[in-house]
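Because only heavy atoms are used, hydrogens play no part in the values below, and waters and symmetry mates are left out as well, while side chains stay in. Protein chains get the first letters and strands the later ones, always in sequence-line order, with residue 1 at the start of each.
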Amino acid sequence: MSTPTARDERDYYERIFRVCEEVPRGQVSTYGDIATIVGDGCDARIVGHAMAALGARAATCPWQRIINRTGGISTSGHGQKERLEEEGVGFDEKGHVLMSVHQWAGPTEEWARARGFHPLPPKTPQGGASTQLSLF
DNA sequence: GTGATGACGATAT
DNA sequence: TATATCGCCATCA
């Protein structure tokens, strides 16, 4: 194409918002995962900047479902945890989201390709249900 | 164009 | 698991 520029849209923000809106209710995703789906050099930090720049999109973008890799809420004063609990997301005694239960597995490969994004890589299911760990 | 900032990630301890 | 350190990159002043 004449414009093979990485950012077909204005910025990464538009993509990030789009992926963010794909997170189903009752589930959460991490900045790194969103960045991976967006790909194209996107980074977890960029996702954080996008969330901070949501603006009017905050009404249509489930930003509250985006948390850091530790499963903790990086925001404070925005009632993020409160909103997640209202969606059915469970937290542990430490205030961390039960990632092994509510972590979003990412969009379908079909959806990702249709949008020009990348599917989520196979994550190692550590802890949680390690019953099927028989890998060698 | 440069420097500073930031809703982070990964690794090491 | 928590803390400390480094890296990586877009956006803003």
For ring-ring contact (aromatic ring centres under 6.0 Å, His included), just list the numbers for A:W63 and A:F17, CA-CA rounded to whole Å, side-chain angles, deciding distance to a tenth of an Å, and then say yes or no.
CA-CA 8 Å; A:W63 57 269; A:F17 297 148; over 10 Å; no

Can you measure [X] atom [atom1] to [N] atom [atom2] for me and round it to whole angstrom units?
X     : N      : atom1 : atom2 : value
A:I16 : C:dA10 : CD1   : C1'   : 9 Å
A:H96 : C:dT3  : NE2   : C1'   : 13 Å
A:D92 : C:dA2  : CG    : C1'   : 14 Å
A:I37 : B:dG9  : CD1   : P     : 13 Å
A:Y12 : B:dA7  : OH    : C1'   : 19 Å
A:F17 : B:dA7  : CZ    : C1'   : 12 Å
A:E82 : B:dA7  : CD    : P     : 21 Å
A:I46 : B:dA7  : CD1   : P     : 14 Å

Distance in Å, A:T75 OG1 paired with A:I67 CD1, rounded so as to fall on 0.5 Å steps
10.0 Å

N-O pairing of A:R18 and A:E22 below 4.0 Å
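Salt bridge: no.
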
State which of [options] makes the closest approach to the side chain of [X].
X     : options               : result
A:T30 : C:dA10, B:dG9, B:dA7  : B:dG9
A:S74 : B:dA7, C:dC9, B:dG9   : B:dA7
A:Y13 : C:dA10, B:dA7, C:dT11 : C:dT11
A:D43 : B:dA7, C:dC8, B:dG6   : C:dC8
A:K94 : B:dG6, B:dA7, C:dT1   : C:dT1

Begin from the C-alpha positions of A:R57 and A:E21 and carry the test salt bridge (charged side-chain N to carboxylate O under 4.0 Å, His left out) through to its verdict.
CA-CA 10 Å; A:R57 296 180 190 280; A:E21 291 179 29; 5.6 Å; no

Decide, applying a 5.5 Å centre-distance limit and a 30° plane-angle limit (both strict), whether A:H49 stacks on B:dG6.
yes

Between A:D33 and A:T36, a side-chain donor and acceptor under 3.5 Å
no

Of residues 65-72 of chain A, the positions that come close to DNA chain B - non-hydrogen atoms, cut-off under 4.0 Å
A:N68, A:R69

Could you check A:T30, A:D92, A:T70 and say which one makes a side-chain contact (heavy atoms from CB on, under 4.5 Å) with A:M99?
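Per the side-chain contact (heavy atoms from CB on, under 4.5 Å) rule, the option paired with A:M99 is A:T30, out of A:T30, A:D92, A:T70.
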
Is the number of heavy atoms from other residues, nucleotides or ligands under 6.0 Å of A:E86 CD greater than 12?
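Not more than 12 within 6.0 Å, no.
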
